[in-house]
Amino acid sequence: MAPPSRLLPPALRILHRCRASTRSRFSTAASSLFSPPSKAVVYDEHGPPEQVLKVADVPPVEVGGRDVCVRMLAAPINPSDINRVEGVYPVRPPLPAAVGGYEGVGQVHALGPAVTAPLSLGDWVIPSPPSFGTWQTHIVKHESVWHKVRDDVPMEYAATVTVNPLTALRMLQDFVKLNSGDSIVQNGATSIVGQCVIQLAKVQGIHTINIIRDRPGSEEAKDKLKQLGADEVFTESQLNIKDVKSLLGALPVPALGFNCVGGNAASLILKFLRQGGTMVTYGGMSKRPVTVPTSYFIFKDISLRGFWLQKWMNSDKAEDCRIMIDYLLGLVHEGKLKYEMESIPFGEFSLALEKAMGKHGSQPKQVIRF
Ligand SMILES: NC(=O)c1ccc[n+]([C@@H]2O[C@H](COP(=O)([O-])OP(=O)(O)OC[C@H]3O[C@@H](n4cnc5c(N)ncnc54)[C@H](OP(=O)(O)O)[C@@H]3O)[C@@H](O)[C@H]2O)c1
């Protein structure tokens with residue numbers, strides 16, 4: 001039996017009550033199946049993640065009739081996860097006792113008695129569309145949340161396939177019709193989204209012009225991106241010239257650019273774009289605004305657009321999302337999609353968080369292994 005909630009610390013009592021209320025819709029009177037006790041990374045208030053996040057014990061949760069209990073295997077720390085904890089992301093889990101994380105992969109641990117989805121114990125599943133609370137060792141959610149994924153790829157890929165690779169895939173399709181032989185330009189090219197853009201574009205025969213920031217290790221980063229298929233990689237300082245297009249050689253001038261940095265790095269995208277080109281902003285890593293010279297509107301007729309995966313997924317795209325995830329994991333399996341990650345045991349969450357927040361310099365994507 002689960003311990004009575006009055007025995008829990010206040011924050012976990014609320015967590016316990018929230019879970020009991022969401023699950024009661026699915027419980028059967030006879031059900032007495034419970035998840036194992038869990039550990040979760042929780043926060044009761046918004047603020048600097050290193051101050052407000054803590055690892056807490058979570059009591060067993062009842063597995064209702066159509067619920068699935070999943071033992072988490074791995075979950076990443078994405079920039080948006082950090083923004084949610086800080087309280088600056090527009091959609092966030094309710095406080096207190098919010099559990100961090102938004103995507104990840106786990107293994108089916110127990111099935112409620114009325115589950116109809118074709119799931120078996122041990123299957124790998126991801127929440128799809130992603131949902132709050134993946135930084136915990138066991139999760140109980142309705143069967144409709146879970147999407148079974150292939151288990152013949154490294155678990156870190158299954159854990160990270162949704163937020164960043166799917167963003168890259170959508171942005172290549174949703175704004176400008178691209179044909180084989182075209183080129184696109186992007187900044188933040190070392191990010192997971194950036195690495196995926198390079199490889200997904202290459203699958204379609206599209207060239208990529210990539211901008212990275214000047215930092216220790218930028219020459220090595222350039223080589224790595226070229227190995228992934230990048231046509232050109234420039235540091236921002238290399239583009240401090242009047243005619244950046246003269247650097248393109250035989251590459252066509254791009255009609256589409258992706259900006260996840262802002263500030264000067266966004267201005268460099270605009271410099272590369274051709275007449276009537278479109279810049280899509282999907283992130284703001286430098287925390288600096290995008291400023292556009294008036295002349296770009298008048299003489300180049302530039303369009304500025306934005307992309308937010310969460311909005312795209314909310315618009316009735318759950319099934320499409322799953323089809324694309326299967327496609328992306330297929331590319332991973334074929335060796336056509338890879339990106340740098342560092343897997344860190346759950347016990348070292350604080351170190352992973354510091355690395356994800358840039359406190360140890362540039363680091364690969366941090367993936368927590370449970
Ligand atoms: N709109 C959406 O739906 C959506 C979806 C997914 C991701 N995103 C956004 O996409 C961006 C990339 O996400 P990710 O998870 O792929 O990134 P990531 O793998 O965690 O990598 C972080 C990236 O940000 C760069 N960076 C970090 N601090 C920076 C700074 N102060 N100035 C300039 N660049 C900096 C890093 O460059 P170095 O290699 O030089 O350290 C690296 O390229 C984020 O802004 C994220 O929020 C948006």
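Each ligand, and each atom within it, is numbered from 1 in the order the structure gives.
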Pair S38-T137, side chain to side chain donor-acceptor pair (under 3.5 Å): steps then yes or no: CA-CA 5 Å; S38 182; T137 55; 2.9 Å; yes
Criterion side chain to side chain donor-acceptor pair (under 3.5 Å) on N210 and E232, from CA distance to verdict: CA-CA 6 Å; N210 299 278; E232 292 291 352; over 6 Å; no
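Any N or O atom pair closer than 3.5 Å counts here, and L309 shares at least one such pair with ligand 1. Where the criterion is an N or O separation shorter than 3.5 Å, residue side chain and backbone included, S191 meets it with respect to ligand 1. Not one N or O of Q363 is nearer than 3.5 Å to an N or O of ligand 1, by distance alone. The shortest N or O to N or O distance between A189 and ligand 1 is not under 3.5 Å. For ligand 1, the polar-atom distance check finds an N/O of F307 within less than 3.5 Å of one of the ligand's N/O atoms. The distance criterion of under 3.5 Å between nitrogen or oxygen atoms is not met by S80 with respect to ligand 1. On a distance-only criterion, I192 and ligand 1 share at least one N/O pair closer than 3.5 Å.
Salt bridge annotation for K202-D231: absent, with no cationic side-chain nitrogen under 4.0 angstrom from a carboxylate oxygen. Between R322 and E319, no side-chain nitrogen of the basic residue sits less than 4.0 Å from a carboxylate oxygen of the acidic one, so the salt-bridge criterion is not met. With salt bridges taken as basic N to acidic carboxylate O contacts below 4.0 Å, one links D152 and R150. The existence of a salt bridge linking D57 and K39 is confirmed by a sub-4.0 Å separation between a basic side-chain nitrogen and an acidic carboxylate oxygen. Salt-bridge formation is detected for the pair E340/K224: a Lys NZ or Arg NE/NH1/NH2 atom is positioned less than 4.0 Å from an Asp or Glu carboxylate oxygen. Contact check on D81 versus R84 returns a salt bridge, with a Lys/Arg side-chain nitrogen under 4.0 Å from an Asp/Glu carboxylate oxygen.
Proximity annotation for atom 7 (C) of ligand 1: of N164, N259, D214, N164 comes nearest, heavy atoms only. When T190, N264, N78 are ranked by how near their heavy atoms come to atom 42 (C) of ligand 1, first place goes to T190.
Counting heavy atoms from C-beta on, the side chains of S350 and E50 never come closer than 4.5 Å. With a 4.5 Å cut-off on side-chain heavy atoms, I325 and H147 count as touching. Between I139 and V99, every side-chain heavy-atom pair lies at or beyond the 4.5 Å cut-off.
Nearest non-hydrogen protein atom to atom 5 (C) of ligand 1 is T167 OG1, 3.1 Å. The protein heavy-atom contact nearest to atom 33 (C) of ligand 1 is V261 CG1, 3.6 Å. For atom 40 (O) of ligand 1, the closest heavy atom belonging to the protein is R215 NE, 2.5 Å. Closest to atom 20 (O) of ligand 1, if we only count protein heavy atoms, is K365 NZ, 2.9 Å. Protein heavy atom at the shortest distance from atom 41 (O) of ligand 1 is S362 OG, 2.6 Å. Of the protein's non-hydrogen atoms, the one nearest atom 48 (C) of ligand 1 is Y282 O, 3.0 Å. Looking only at protein heavy atoms, the nearest one to atom 47 (O) of ligand 1 is P79 CB, 3.7 Å. Among all protein heavy atoms, the one lying closest to atom 29 (C) of ligand 1 is R213 NH1, 3.3 Å.
At least one heavy atom of G188 sits closer than 4.0 Å to an atom of ligand 1. Ligand 1 has no atom lying under 4.0 Å from any heavy atom of I212.
Separation of atoms CG (D174) and CZ (R305) is listed at 9.0 Å; rounding is to 0.5 Å.
Within ligand 1, counting atoms from 1 as listed, the ones closer than 4.0 Å to a heavy atom of G283 are 45 (O). Close approach to V163 involves these atoms of ligand 1, each under 4.0 Å from a residue heavy atom: 5 (C), 6 (C).
Counting heavy atoms under 4.0 Å from ligand 1, residue K287 does not touch it at all. Of the heavy atoms in M285, both backbone and side-chain atoms come closer than 4.0 Å to ligand 1.
Between Y157 and Y339, the ring centre distance stays below 6.0 Å.
At most 12 heavy atoms of other shown residues, nucleotides or ligands fall within 6.0 angstrom of atom CG in D316.
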